[in-house]
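Beneath this line is the structure, given in structure tokens, with notes to follow.
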Protein chains: 2
Amino acid sequence: MATNIKDVSRAAGVSIKTVSRVLNNERYVRPATRARVEEAMARLGFRPSAAARALAGGRSFQIALMCSNPGPYYLHGLIAGLRGRCAAEGVRLIVHAYDIEGTELSEDVRDMLRQLSPDGVILTPPIADLEPVLDALEAANTPYVRISPGISPGRSAAVAIDNEAAARAVTGMMIGLGHRRIGFVVGHRSYAVSNQRLAGYLDALRDAGLGVDLELVQQGWFDFASGQAAADRLLDLRDPPTAVFASSDDMAAGVLAAAHRRRLSVPGDLSIAGFDDTDLARSVWPPLTTVRQPIAVLAERAAELLFERAEPGLRLVPYELVRRETVAAPGAC
Amino acid sequence: MATNIKDVSRAAGVSIKTVSRVLNNERYVRPATRARVEEAMARLGFRPSAAARALAGGRSFQIALMCSNPGPYYLHGLIAGLRGRCAAEGVRLIVHAYDIEGTELSEDVRDMLRQLSPDGVILTPPIADLEPVLDALEAANTPYVRISPGISPGRSAAVAIDNEAAARAVTGMMIGLGHRRIGFVVGHRSYAVSNQRLAGYLDALRDAGLGVDLELVQQGWFDFASGQAAADRLLDLRDPPTAVFASSDDMAAGVLAAAHRRRLSVPGDLSIAGFDDTDLARSVWPPLTTVRQPIAVLAERAAELLFERAEPGLRLVPYELVRRETVAAPGAC
DNA sequence: TTGAAAGCGTTACCAT
DNA sequence: ATGGTAACGCTTTCAA
């Protein structure tokens with residue numbers, strides 16, 4: 001049997017309550033007593049049972065990450081960003097990766113909350129925008145932080161970048177380089193950032209006095225294959241774009257693949273820009289990116305807000321505009 | 001307060017022990033009684049507390065995934081592969097992603113085991129080969145399954161593909177196409193599969209009566225950047241290879257990038273082959289692969305073995321040899 | 001087939 | 001500053 005709090009109290013010659021105090025860093029323990037207890041804990045190799053602490057105390061020392069259909073780089077970034085802080089807080093990370101959408105989810109969330117009573121929850125799109133899920137979280141009084149929320153940003157602590165401004169900036173940059181026909185690949189419809197990025201693109205065109213050609217706006221689903229397909233549709237137009245702005249990095253990689261397939265030189269024949277949400281661009285295909293804001297940074301900030309019980313409100317994390325050789329003036333090659 | 005087992009027992013007019021029996025699917029409950037209890041549980045929306053069950057019963061309804069420095073696709077594949085079975089078994093997945101190596105890890109494992117007493121553990125390389133970790137697991141009597149173990153394969157239940165045979169097959173295929181100078185990018189040294197794949201490559205050369213030129217064997221670290229660097233070194237040789245076999249998919253992608261940078265046509269000027277451990281090749285850059293065995297499949301099989309308390313022993317999962325247009329006869333373009 | 005009561009290892013409340 | 005003792009919600013004997 002593993003040593004428990006009772007063994008420690010006996011070894012240290014104190015009551016179990018005092019051991020508990022030391023364990024939880026409570027006040028009103030004489031330094032000498034504390035030292036004695038700590039020595040006993042170390043000597044016996046005592047590790048408190050998470051189950052018992054959870055049952056008695058309410059804290060479960062676990063936080064849950066909830067995401068739906070996360071791409072590899074997105075998931076990796078999230079976990080990388082959360083890991084450090086969780087370790088520092090002595091908290092374990094439960095990963096809930098769903099592949100469903102919709103309301104059945106809130107049922108599952110309620111279950112999870114009752115079963116695990118996690119100390120906190122991190123939500124990513126599109127789950128971050130499911131009202132029933134938020135309701136369940138609030139009903140259970142469980143702290144949660146949303147990443148890139150699309151609705152009611154003031155409802156909880158949340159982090160995001162200003163997607164509309166970023167998309168506007170990228171589009172503006174392309175226009176500034178002389179591009180007049182700029183293709184756009186929209187992201188998955190149930191993600192709010194898709195609309196925000198589209199809005200920024202449209203805004204920039206309007207600001208520049210350019211008309212919007214709806215042919216140039218193609219639907220994608222945030223993954224490589226759909227980006228490639230969207231690019232193919234764009235490049236097959238009678239009057240194809242000289243530049244393509246994909247609103248996610250996976251899709252931008254797909255656009256690049258489509259260009260390579262057609263033996264187009266990039267950026268000579270086609271300029272490509274994208275969002276580097278997940279660090280994909282930096283690690284797998286360096287010359288892709290324009291807006292850089294790795295999800296890991298957002299996740300780290302989210303963990304910070306969670307553990308510090310931050311007030312509700314949306315924190316905008318600054319993004320970085322990186323200009324690489326994939327975006328050039330038309331006809332530059 | 002959430003409803004507990006007592007509320008249910010009262011509502012159903014039975015003792016809490018009977019509710020517990022229903023909860024755990026034990027025998028000796030009259031169907032009528034069982035139905036009554038289940039109805040009450042449903043009506044009250046009863047969810048048993050994981051903490052209480054863990055404390056009283058020993059089962060924690062959690063399994064831990066332990067990995068060190070997993071790449072994005074690897075991590076994603078693991079989680080995707082484990083998810084389904086975990087959900088089916090009503091078990092949560094704790095992700096332990098370390099970025100350290102060595103023995104301090106076994107200390108942490110011991111802690112984790114005592115604190116969480118997970119129902120099972122999944123180990124990936126290189127943690128799967130740390131004896132102290134295995135010792136700790138066995139001392140705690142915790143079932144565990146290893147993925148791609150490099151040492152003592154009979155020590156626990158484990159899954160892997162026959163890496164050596166696969167590497168031999170790929171190399172043989174390239175030789176069969178007429179290649180005589182075939183570059184090889186070795187994986188991270190602390191991963192046993194690296195040596196297995198290298199052995200297969202060397203074997204195939206020997207079988208074909210070709211000498212081994214050590215210039216053609218370059219070190220990589222399983223990631224994109226190191227694959228690109230290794231390819232650059234290979235292509236800068238006075239007598240560069242006509243084909244490159246990278247022993248992981250991230251590195252193969254790096255080799256492809258290096259080829260693109262140099263405006264080499266693939267497979268015209270350079271043939272490329274790789275392992276598709278993580279489904280990267282299929283999802284991000286289709287024409288890369290040769291050995292296909294997504295980690296998700298291995299993970300799924302590992303979960304199966306874990307939940308079925310499989311006997312110790314290594315299960316070889318068959319791999320698939322996929323020939324794509326990236327491997328061509330030398331000078332084909 | 002069912003039930004009563006004794007744990008499981010902590011934390012919380014109330015004394016001292 | 002420290003110590004009893006009662007929860008916490010379930011599982012597990014042991015009876016019936």
Side-chain angles (χ1 to χ4, degrees), chain A residues 1-38 40-41 44-62 90 111 113-119 140-141, chain B residues 1-38 40-41 44-62 90 111 113-119 140-141:
Chain A
M1 223 46 205
T3 71
N4 61 23
I5 200 172
K6 226 164 180 171
D7 301 328
V8 176
S9 74
R10 208 175 301 124
V14 297
S15 76
I16 60 170
K17 176 61 210 181
T18 299
V19 178
S20 173
R21 286 202 177 90
V22 172
L23 210 52
N24 295 287
N25 267 312
E26 287 175 25
R27 288 170 314 177
Y28 304 131
V29 182
R30 264 209 323 244
T33 312
R34 181 181 298 272
R36 203 144 34 89
V37 171
E38 279 169 345
M41 296 201 304
L44 275 56
F46 168 67
R47 299 293 156 202
S49 145
R53 300 184 87 176
L55 180 56
R59 291 190 60 186
S60 66
F61 301 91
Q62 302 187 152
D111 279 15
L113 291 177
R114 264 199 286 253
Q115 288 185 207
L116 266 58
S117 54
D119 296 342
N141 208 18
Chain B
M1 226 44 205
T3 73
N4 60 23
I5 199 173
K6 223 164 183 171
D7 302 329
V8 176
S9 74
R10 207 175 302 123
V14 297
S15 76
I16 62 170
K17 173 62 206 178
T18 299
V19 178
S20 172
R21 287 203 176 89
V22 172
L23 210 52
N24 295 289
N25 267 311
E26 288 175 24
R27 289 171 314 177
Y28 304 129
V29 182
R30 265 211 319 249
T33 313
R34 181 181 299 273
R36 202 143 35 89
V37 171
E38 278 169 347
M41 296 200 303
L44 274 57
F46 168 67
R47 297 294 154 200
S49 146
R53 299 184 86 176
L55 181 56
R59 293 190 57 187
S60 66
F61 301 92
Q62 302 187 151
D111 280 14
L113 291 178
R114 264 199 286 252
Q115 286 185 210
L116 266 57
S117 52
D119 296 343
N141 210 15

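Below, chains carry the letters A, B, ... as their sequence lines are ordered, and counting in each starts from 1.
Side chains of A:Glu26 and A:Lys17 form a contact here, defined as non-hydrogen atoms less than 4.5 Å apart. Here the side chains of B:Lys6 and B:Val19 are not in contact, with every heavy-atom distance at 4.5 Å or above.
The side chain of A:Ser20 contributes no N or O atom lying less than 4.0 Å from OP1 or OP2 of C:dA12. Put simply, A:Ser49 has no side-chain N or O that comes within less than 4.0 Å of OP1 or OP2 on C:dC8. Using a 4.0 Å cut-off, some side-chain N or O of B:Ser15 falls inside it from OP1 or OP2 of C:dG3. OP1 and OP2 of C:dT10 both lie 4.0 Å or more from every side-chain N or O belonging to A:Asn4. A close approach under 4.0 Å does not occur between any side-chain nitrogen or oxygen of B:Thr18 and OP1 or OP2 of C:dT2.
Using a 4.0 Å heavy-atom distance criterion, B:Val19 is classed as making no nucleic acid contact. The residue A:Phe46 sits close only to the backbone: its heavy atoms come under 4.0 Å of sugar-phosphate atoms, none of a base.
Listed nucleotides C:dG9, D:dC10, C:dG3 differ in distance to B:Ile5; the shortest reach to its side chain belongs to D:dC10. Closest to the side chain of A:Pro48, out of C:dT10, D:dC10, C:dG3, is C:dT10.
If you measure from atom NZ of A:Lys6 to atom P of C:dT10, you get 11 Å, rounded to the nearest angstrom. Rounding to whole angstrom units, CD1 of residue A:Ile16 and P of C:dG9 are separated by 11 Å. The nearest whole Å value for the distance from the CZ atom in B:Arg53 to the P atom in C:dG9 is 18 Å. Across the protein-nucleic acid pair, A:Arg10 atom CZ and D:dT2 atom C1' stand 18 Å apart, rounded to whole Å. Between the CD atom of A:Gln115 and the C1' atom of D:dG9 there is a distance of 13 Å, rounded to whole Å. As rounded to whole Å, 7 Å separates atom C1' of D:dA1 from atom CZ of A:Arg30. Following rounding to the nearest Å, A:Leu55 (CG) and D:dT11 (P) show an atom-to-atom distance of 12 Å. Note: OH (B:Tyr28) to C1' (C:dG3) measures 17 Å, nearest angstrom.
Residues A:Arg21 and B:Ala56 both approach DNA chain C. Their nearest nucleotides, taken by heavy-atom distance, put B:Ala56 toward the 5′ side.
In this structure, A:Ser49 OG and B:Gln115 CD are separated by 9.0 Å, a value rounded to the nearest 0.5 Å. Atom CG of A:Leu113 sits about 11.0 Å away from atom CG of A:Asn141, to the nearest 0.5 Å.
Donor-acceptor pairing under 3.5 Å, judged by distance alone, is present between the side chain of A:Lys17 and the base of C:dA12.
Under a 3.5 Å cut-off, the side chain of A:Ser60 and the backbone N or O of A:Ala54 do not form any donor-acceptor pair.
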